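Computed from a predicted structure; not experimentally measured. Computation of the quantities below employed the complete heavy-atom set of this structure, encompassing side-chain atoms and omitting hydrogens, waters and symmetry-equivalent molecules. Labels below follow one simple rule: chain letters A, B, ... track the order of the sequence lines, proteins then strands, and each chain is numbered from 1.
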Number of protein chains: 2
Amino acid sequence: MTNVRAGKSETGKLHQYMEIGNELRRRITLGQYLVGSILPTEGMLCEEFTTSRHTIREALRMLTDAGFIERRQGSGSHVLTAVPSQRYVHDMWSLDQLFQYAVDTRFIINDVKFAVPENSMLSDVSGGKAEWLIVHGLRLERDEDIPICFSIVLVNRDYASIAEELETGSGAIYRKIEDKFDIKVSQVIQDITITTMPQRAALVLDKTTLDVAVQVRRRYLLADGTVFLVSVNQHPADEFSYTMQLRREGEN
Amino acid sequence: MTNVRAGKSETGKLHQYMEIGNELRRRITLGQYLVGSILPTEGMLCEEFTTSRHTIREALRMLTDAGFIERRQGSGSHVLTAVPSQRYVHDMWSLDQLFQYAVDTRFIINDVKFAVPENSMLSDVSGGKAEWLIVHGLRLERDEDIPICFSIVLVNRDYASIAEELETGSGAIYRKIEDKFDIKVSQVIQDITITTMPQRAALVLDKTTLDVAVQVRRRYLLADGTVFLVSVNQHPADEFSYTMQLRREGEN
DNA sequence: CAGTGGTCTAGACCACCCC
DNA sequence: GGGTGGTCTAGACCACTGA
């Protein structure tokens, strides 16, 4: 029992569970505990460090949060990696803020139909020639008539009945679907490319001089990997600016 | 004691701490516990729910992880918000992967100097006319001579001595600085805009037909908010594509 | 079915904050 | 100094996993 409080007097002021957590992390980093293998059980660690189970569990929670291990009831603490990936966090109130669509824009629908979309927009999304609900529209600054971008939204057929409610309210379409069908976006994949502005969009946005556009495509996925909505926004290049802020998480 | 296990028999199979956590979250959402106020103490909650302190602490940990409250030793559990911001996580091994610079590129330095940068690159960064270490270069595909983008890197004067080590190794500059000065990036702010390719860059990249470029600027901040490095990369628009994947965190 | 991690109890002492 | 949350102990029962 002499070293129960060793952490405080010797190395400064670390708590027991932190010292143990750091030691275990060191062992993983040094390959003493191999990736793919299983850590000693809680009981064994209690013995080795002469401490209570709760303390060991707190130490293991550190490793879990940092991404080193995964714990499975009945199975053990599995070592996932010796070099966990950094996690950078994007804080948002809603996905709308992924772009600046938050509250200051409105969406004007030009056309709604049910058809097979052009391939370029659904590359690597829908395996075949399924029909999607296709909404063409224009996004404007609220209370002004200044256009921001030309928009196409594709909705998976399973949720196509949302078409009836597109004119009401002001929120984003993906959000209306979330509410109506009680589903949740689990992942978003966004890509940004440069294209030439389609004729149709150029006309509406009154851009005759510069036909370069920034195309931002976002795919909204459910937990099972299903793409339930794809949005494609085309911005005049001369007005495009996109900022994102990533904060490093934890202290890894 | 009749309801110690009530969570299991009545509502399905939730654990006590989850039920309590959900109840507390409900109260915050409904405004029963106001934002800015302080939650009942652990002891009071133990009494109300007739349970042990550990169980209450586990419930409060749920709320903490979800961003509803912040706990301060000696002060209490402060309600931060009734609608916590969603957290979308960007998984990366390193920040290099924020772009696809991982391992398949090399950086050729054309010029290194110490000067006051043009304002356009440091808008809202350095309050004044401080001198920065300015590195001009070109990023190429590894083992090929295909240029990817034209690069400018600005290094805060405090870390300018990194200049001596720029030619060695292959990693990103920010990483060399992290190692040499034992500091850690805490946040990255990235913005993407469309510009015309500067003459200099256009010549090097042999782009005479299309002078539109995508400019990606990244500011690397320390925990105290200091910008220690700014990188500006200009890509020929016709080859530019940027994909990011955001995963919703937790089950909020 | 033996062993693992998950949950929970009922205590205790401590560091820290605020009065 | 009184009260808060943070850490820690020494037990217990349970759910789940895998041989």
Q: Determine: side-chain N/O of B:Ser75 to OP1/OP2 of D:dG5, distance under 4.0 Å, yes or no.
A: no

Q.
For D:dC8 and A:Thr51 - does any side-chain N or O of the residue sit under 4.0 Å from the phosphate oxygens OP1/OP2?
A. no

Please pick, from [options], the nucleotide with the shortest atom-to-atom distance to any side-chain atom of [X].
X: A:Arg57; options: C:dC17, C:dT7, D:dT9; value: C:dT7
X: A:Tyr17; options: D:dA15, C:dT7, D:dT7; value: D:dT7
X: B:Arg53; options: D:dT4, D:dC16, C:dA12; value: C:dA12
X: B:Gln73; options: D:dC8, C:dT9, C:dC16; value: C:dC16
X: B:Gln16; options: C:dT9, C:dG5, D:dT17; value: C:dT9

Rounded to the Å, how far apart are [X] [atom1] and [N] [atom2]?
X: B:Leu14; N: C:dG6; atom1: CG; atom2: C1'; answer: 14 Å
X: A:Glu70; N: D:dT17; atom1: CD; atom2: C1'; answer: 14 Å
X: A:Glu47; N: D:dA10; atom1: CD; atom2: C1'; answer: 15 Å
X: B:His15; N: D:dA15; atom1: NE2; atom2: C1'; answer: 8 Å
X: B:His78; N: D:dG5; atom1: NE2; atom2: C1'; answer: 11 Å
X: B:Met18; N: D:dC14; atom1: CE; atom2: P; answer: 19 Å
X: B:Glu58; N: D:dG6; atom1: CD; atom2: P; answer: 12 Å
X: B:Arg61; N: D:dG6; atom1: CZ; atom2: C1'; answer: 11 Å

Q) More 5' along DNA chain D: A:Ser52 or A:Gly74, using each one's nearest nucleotide? A) A:Ser52

Q) If each of B:Glu42 and A:Thr55 is mapped to the nucleotide of DNA chain D with the nearest heavy atom, which maps nearer the 5' terminus, i.e. the 5' end? A) B:Glu42

(Q) Between A:Glu58 and B:Arg57, does any NZ, NE, NH1 or NH2 come within less than 4.0 Å of an OD or OE carboxylate oxygen? (A) no

Q: Please determine if A:Glu165 and A:Lys176 form a salt bridge, counting it only when a charged side-chain N lies under 4.0 Å from a carboxylate O.
A: no

Q: Let me see the working for B:Glu23 and B:Arg26 under side chain to side chain contact (heavy atoms under 4.5 Å, CB included), right down to the final yes or no.
A: CA-CA 5 Å; B:Glu23 168 62 15; B:Arg26 202 182 60 83; 3.2 Å; yes

Q | B:Tyr220 side chain to B:Glu178 side chain, donor-acceptor N/O pair below 3.5 angstrom | A | no

Q: Answer yes or no: are there more than 12 heavy-atom neighbours, outside B:Glu47 itself, under 6.0 Å from its atom CD?
A: no

Q: Identify whether any heavy atom of B:Arg72 sits under 4.0 Å from a base atom; if not, whether one sits that close to sugar-phosphate; answer base, sugar-phosphate or nothing.
A: sugar-phosphate

